[in-house]
Amino acid sequence: MPHSAYICDLRALAGGDKLVFEQVYDYYAEQVYKLAFLFVKDNGWSEDIVQEVFVKLWRHREKLDVSGNIWLFLYVLTKRQALNKLREIRNAQLSTEKLYMALVNQQLIFPNDLEVSELEQNIFKAMRKLSPKQQQVFKLSRIDGLSHSEIAQKLQISQNTVKNHIVEALKSLREQLNKTDYLYLLILSMYIF
């Protein structure tokens, strides 16, 4: 069915009608997923983008142009979320590459035992603020040293979902920790692998 054939009461949606929101979700979720996948080429990230798009739709429903096209609104939101995800992934990769180059060039001075203990306390405190699933995946990866495929098998989730949890955990930790603590965490992660 073409997008134009689906008529949605945007006034009701803007007013907070949950039934209309559910109908919009049911009708457009798969299309939003396909569009997200065109950008990120990853099932787990595409599923996350679908959730983010519909959460944003619900949160900003009062700002909808009730005479407008709901698909156009969802299309713009999806494209924006996908580009943000790609930027986030690229930034995480660049940070890791910079750290690796610094290690290779031996430009890092390792802290003494007292500083290491304090760094580890800060890292574990920050890790406790991750979601339970992120904590579990991050621990299995970075502390237990399991590969993405081993974690996926153990938790019965896809490897892409494992990768997504690790990217999100690192992003959250980077935001919580100061530069030295985060650098130390990345050093530990690299030595584990």
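Identified under the salt bridge (charged side-chain N to carboxylate O under 4.0 Å, His left out) test for residues 27-36, with sequence neighbours left out: E30-K34. Applying the salt bridge (charged side-chain N to carboxylate O under 4.0 Å, His left out) definition to pairs two or more places apart or across chains, those involving residues 58-85 are K85-E88, K85-E168. The stretch residues 150-159 participates, sequence neighbours left out, in these side-chain hydrogen bond (donor to acceptor under 3.5 Å, both in side chains) pairs: S147-E150, S158-T161.
Remark: Q136 engages K133, L140, L155 in a side-chain contact (heavy atoms from CB on, under 4.5 Å) (not counting sequence neighbours). A29 is linked by a side-chain contact (heavy atoms from CB on, under 4.5 Å) to Y25, V50, F54, counting only residues two or more places apart in sequence or in another chain. With sequence neighbours excluded, the residues satisfying side-chain hydrogen bond (donor to acceptor under 3.5 Å, both in side chains) with N84 are R87.
Annotation: side chain of F39 is not in contact with side chain of Q81 (no heavy-atom distance under 4.5 Å). Taking 4.5 Å as the limit, every side-chain heavy atom of W45 sits out of range of all side-chain heavy atoms of L86. Taking the side chain as every heavy atom from C-beta outward, I151 and S141 approach each other to under 4.5 Å. The shortest distance between side-chain heavy atoms of F138 and H165 does not fall below 4.5 Å.
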Does the pair V24 and F21 meet the rule for a side chain to side chain contact (heavy atoms under 4.5 Å, CB included), with working shown?
CA-CA 5 Å; V24 169; F21 175 76; 5.5 Å; no
May I have the step-by-step check of side chain to side chain donor-acceptor pair (under 3.5 Å) for Y75 and N69, ending in yes or no?
CA-CA 10 Å; Y75 178 89; N69 180 330; over 6 Å; no
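V66 and A14 make their closest contact through CG1-CB, 4.1 Å (heavy atoms, listed as atom of the first residue, atom of the second, distance). Residue R128 comes nearest to Q135 through the heavy atom pair O-NE2, 3.1 Å, listed as atom of the first residue, atom of the second, then distance. Residues N160 and N43 come closest through the heavy atom pair ND2-N, 3.9 Å. Counting all heavy atoms, side chain and backbone alike, S46 lies closest to A36 at OG-C, 3.8 Å.
Rounding to the nearest 0.5 angstrom, the gap separating the CG atom in L57 from the OH atom in Y28 is 11.0 Å. Annotation: the span from K129 atom NZ to S172 atom OG amounts to 9.0 Å, rounded to 0.5 Å. Separating the CG atom in L146 from the NZ atom in K139 is a distance of 8.5 Å, to the nearest 0.5 Å. Here the CZ-OG1 distance, from F73 to T78, works out to 10.0 Å after rounding to the nearest 0.5 Å.
Neither V55 nor L35 shares a network with the other; the hydrophobic side chains, linked directly or stepwise wherever heavy atoms of I, L, V, M, F, W or Y lie under 4.5 Å apart, form separate groups for each. The hydrophobic clustering, which links ILVMFWY residues whose side-chain heavy atoms are closer than 4.5 Å, places I70 and L72 apart.
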